[in-house]
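Naming convention: chains lettered A, B, ... in sequence-line order (proteins, then strands); numbering from 1 in each chain.
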Protein chains: 2
Amino acid sequence: MNLNHLFLFRAVAEAGGFSRAAERVHVSQPAISMQVGELEAQLGLTLFHRLGRGVKLTGAGKLLLGYAQRLGALGAEAEQAIAELKGLRRGHLAIGASTTIGVYLLPNLLGEYRRRYPDIDLQFDIANTDDIERRLVDGTLGAGLTEGLPPDCHELETLVFLRDELVPIAGPDHPRIKTDRKALTIRQLCAEPMIVRETGSGTREVIDRALAKRGQKLQRPSLVLGSTEAIKRAVAAGLGVAIVSHLTIQTELAAGQLAILPVHGFRLNRPLHRLCWRNRARDPATLAFLALLDQRYPPELVSEHRPTRKS
Amino acid sequence: MNLNHLFLFRAVAEAGGFSRAAERVHVSQPAISMQVGELEAQLGLTLFHRLGRGVKLTGAGKLLLGYAQRLGALGAEAEQAIAELKGLRRGHLAIGASTTIGVYLLPNLLGEYRRRYPDIDLQFDIANTDDIERRLVDGTLGAGLTEGLPPDCHELETLVFLRDELVPIAGPDHPRIKTDRKALTIRQLCAEPMIVRETGSGTREVIDRALAKRGQKLQRPSLVLGSTEAIKRAVAAGLGVAIVSHLTIQTELAAGQLAILPVHGFRLNRPLHRLCWRNRARDPATLAFLALLDQRYPPELVSEHRPTRKS
DNA sequence: AAGTTTACATAAGATAATCTTATGGAAGGT
DNA sequence: ACCTTCCATAAGATTATCTTATGTAAACTT
């Protein structure tokens with residue numbers, strides 16, 4: 001007994017005859033006879049009284065009809081649910097991101113996603129790279145966006161989706177902002193009172209390494225703060241300058257609370273990575289997210305020779 | 001997509017692998033691969049992540065699994081319901097009977113039926129032969145038991161299941177009962193004060209016709225009553241004698257409230273008919289009823305030459 | 001790091017299920 | 001009594017599905 005048997009049975013019950021049902025479902029009449037006959041043989045009961053002029057349900061037929069209808073409806077519902085999944089009108093998107101991306105980049109991106117696919121449940125978690133890797137591997141996340149070195153997991157595909165510019169900033173009252181807008185040298189920048197994250201923070205390491213490469217180091221780490229947001233406020237208050245991600249200061253730049261310090265020859269960026277399974281089928285929802293991401297930020301493949309986390 | 005596809009899909013999801021599922025449902029592994037592959041192709045989505053070491057549901061797979069389980073359960077429920085119908089642990093028995101049979105014979109019979117098949121709903125209606133015929137034809141009744149001439153409907157099978165003896169009765173104070181138990185002649189019987197049903201009643205017609213055949217007729221229809229029960233009470237009270245169905249007086253004979261009047265050469269019976277569809281499949285419930293009836297009252301086919309109702 | 005094992009995919013041939021056309025037979029209507 | 005309608009059956013064709021044999025990729029071993 002499969003769904004097709006029951007479908008034809010139902011057609012007969014509803015059409016009131018084998019021939020009429022056959023016509024209605026575009027199949028020959030003997031096909032109907034055989035399927036119904038097989039059903040009757042398997043169940044061991046007659047399902048229709050053959051009246052000569054059409055056909056009528058027996059008690060067993062009435063009983064089965066109820067089930068056939070429910071089974072048909074449920075089967076159709078299943079197919080529709082899957083179709084909705086495929087058509088992005090249902091489903092679940094789970095994204096993991098590191099802090100900066102999660103706070104300053106993802107909300108906007110997910111806003112656009114929600115606008116395009118309003119029926120897909122969204123979930124996004126801010127976590128560190130290790131957690132994101134773990135949750136990608138165990139399937140809890142569909143994709144991850146991270147800032148640090150990408151994890152060295154051969155099951156995951158790693159793409160740089162954006163180079164995050166790190167820029168020197170100062171408050172509106174800084175002399176180089178308020179009076180002359182002449183650019184500093186890098187050496188001069190290093191001599192400014194610099195507000196930084198703690199050593200070990202991803203941002204801090206990028207800065208230290210970049211300066212070291214040019215034979216410089218920070219002269220006056222005047223203040224060490226635990227969050228980018230705190231650093232921005234401190235800089236805005238005139239406590240010093242800082243080097244922060246361009247992503248994090250859009251609002252303050254527009255409001256005039258912060259300004260970019262012009263520095264000769266200063267150019268520093270760090271790659272932002274997009275992580276997801278390499279050889280595994282991806283949800284339509286995740287696929288659509290990745291497509292949206294690629295559309296906003298055309299991707300760039302991470303060569304296998306780049307440094308990765310030991311993990 | 002049919003139930004078998006879903007069954008195999010479910011087996012894979014529950015076994016956690018194609019090979020394990022194949023073993024569990026006694027089918028080759030490629031058969032599983034093909035069925036699941038076909039399902040995926042039809043739905044347009046991957047249902048399992050192939051992990052190399054077994055297999056894991058995707059989001060679409062999880063969604064489908066819920067439906068597959070519900071569909072499987074519902075299908076099993078349908079098969080079980082039908083099996084119960086066949087096994088007489090479910091179903092509905094609808095019997096129509098004429099008054100005497102319905103009151104004096106059926107309760108006992110249906111009691112036995114209920115004892116044997118306690119899960120079958122019973123319905124029995126007392127109606128006249130025309131109604132019973134009509135309700136048999138339209139399928140409302142599964143079988144009918146009637147007293148009069150059987151209907152002349154070629155779609156219905158008519159069997160005599162019992163010859164109902166009509167016997168003369170008197171009250172306990174009747175001289176032939178109380179003092180001498182000498183048998184009356186038929187002529188003498190006809191001269192007794194006789195309590196009868198109205199002309200047109202089936203019983204009355206049988207009696208009149210039988211007496212007429214012997215050149216007799218009732219001399220003293222002293223009282224005409226509309227029900228057999230009323231006649232019995234009148235006879236018991238000594239208002240006269242009567243000729244009634246043997247079926248109706250078992251209790252009163254045992255209680256000594258009525259007695260059979262011995263009459264020389266008096267033998268009168270009428271056939272009781274069992275009606276049901278001739279060429280049509282019968283419910284297990286109805287079949288079991290007919291079997292019970294046949295067991296109690298071995299049947300006798302009504303020849304086509306017997307008189308039938310014009311109808 | 002190479003070999004071994006495990007598990008899914010694929011191909012080819014065999015088997016079974018299902019369909020279609022053609023035809024028979026029974027019941028209903030004229 | 002004839003004609004029509006409708007279901008059942010038979011034969012042949014087609015399609016689904018299964019099995020055996022083999023390929024391939026991932027994971028575990030040493």
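- Phosphate contact (OP1/OP2 of dT6(C), side-chain N/O of Gln29(B), threshold under 4.0 Å): absent.
- Each of dA10(D), dC18(D), dC19(C) was ranked by its minimum atom distance to the side chain of Ala31(A); first place goes to dC19(C).
- In this structure, of dC7(D), dT9(D), dC8(C), it is dT9(D) that holds the atom nearest to the side chain of Pro30(A).
- Summarising the geometry, the separation between CZ on Phe18(B) and P on dT10(C) is reported as 11 Å, rounded to the nearest angstrom.
- If Val27(A) and Glu40(B) are placed on DNA chain C by their nearest nucleotide, the residue sitting closer to the 5' end is Glu40(B).
- The CG-P distance, from Leu8(B) to dC8(C), rounds to 14 Å in whole Å.
- We find that CG of Leu156(B) is positioned 14 Å from P of dA27(C), with the value rounded to whole Å.
- Phe7(A) places its CZ atom 16 Å from the C1' atom of dT18(C), with the value rounded to the nearest Å.
- Judged by atom type and distance alone, Glu38(A) does not reach the base of dA17(C) through any side-chain donor-acceptor pair under 3.5 Å.
- Of the side-chain N and O atoms in Arg50(A), one or more sit less than 4.0 angstrom from OP1 or OP2 of dA8(D).
- In this entry the distance linking CD1 of Ile32(B) with C1' of dT17(D) reads 12 Å, nearest Å.
- Heavy atoms of Leu51(A) sit under 4.0 angstrom from primed sugar atoms or phosphate atoms, though from no base atom.
- Taking atom NE2 of His26(A) as the reference point, atom P of dC19(C) lies 15 Å away to the nearest angstrom.
- Atom CD of Glu205(B) has more than 12 heavy atoms from other residues, nucleotides or ligands within 6.0 Å.
- Between Phe48(B) and Phe9(B), the ring-plane angle classifies as tilted under the 30° and 60° cut-offs.
- Ion pairing between a basic and an acidic side chain is recognised when a charged N comes within 4.0 Å of a carboxylate O; Glu84(B) and Arg90(B) show such pairing.
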I'd like to know whether Thr146(B) forms a side-chain contact (heavy atoms from CB on, under 4.5 Å) with Leu275(B), so could you lay out the CA-CA distance, the side-chain angles of the two residues, the decisive distance to 0.1 Å, and finally the verdict.
CA-CA 8 Å; Thr146(B) 61; Leu275(B) 308 177; 3.8 Å; yes

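- Proximity of Asn4(B) to the phosphate of dA16(C): no side-chain N or O atom is located under 4.0 Å from OP1 or OP2.
- When the nearest nucleotides of DNA chain C are assigned to Met34(A) and Ser19(B) by heavy-atom distance, the more 5′-ward of the two goes with Ser19(B).
- Each of Gln35(B) and Glu155(A) was assigned the nucleotide of DNA chain D with the nearest heavy atom; the assignment lying further toward the 5' end belongs to Gln35(B).
- Across the protein-nucleic acid pair, His49(A) atom NE2 and dC7(D) atom P stand 15 Å apart, rounded to whole Å.
- For Arg53(B), the side-chain atoms get nearest to dA27(D) when compared with the rest of dA27(D), dT17(D), dC19(C).
- Counting heavy atoms from C-beta on, the side chains of His273(A) and Leu145(A) never come closer than 4.5 Å.
- In this structure, the nucleotide among dC6(D), dC28(D), dA8(D) sitting nearest to the side chain of Arg20(A) is dC6(D).
- The CZ atom of Arg280(A) sits 14 Å away from the P atom of dC8(C) (whole-angstrom rounding).
- For Ser33(B), whose side chain is taken as the heavy atoms from C-beta onward, the closest listed nucleotide among dT9(D), dT20(D), dT10(C) is dT10(C).
- When the nucleotides dA26(D), dG28(C), dA27(D) are ranked by their closest atom to the side chain of His154(A), dA27(D) comes out on top.
- At the heavy-atom level, Gly54(A) lies under 4.0 Å from the strands shown only through sugar-phosphate atoms.
- A donor-acceptor contact closer than 3.5 angstrom is absent between the side chains of Ser19(A) and Gln29(A).
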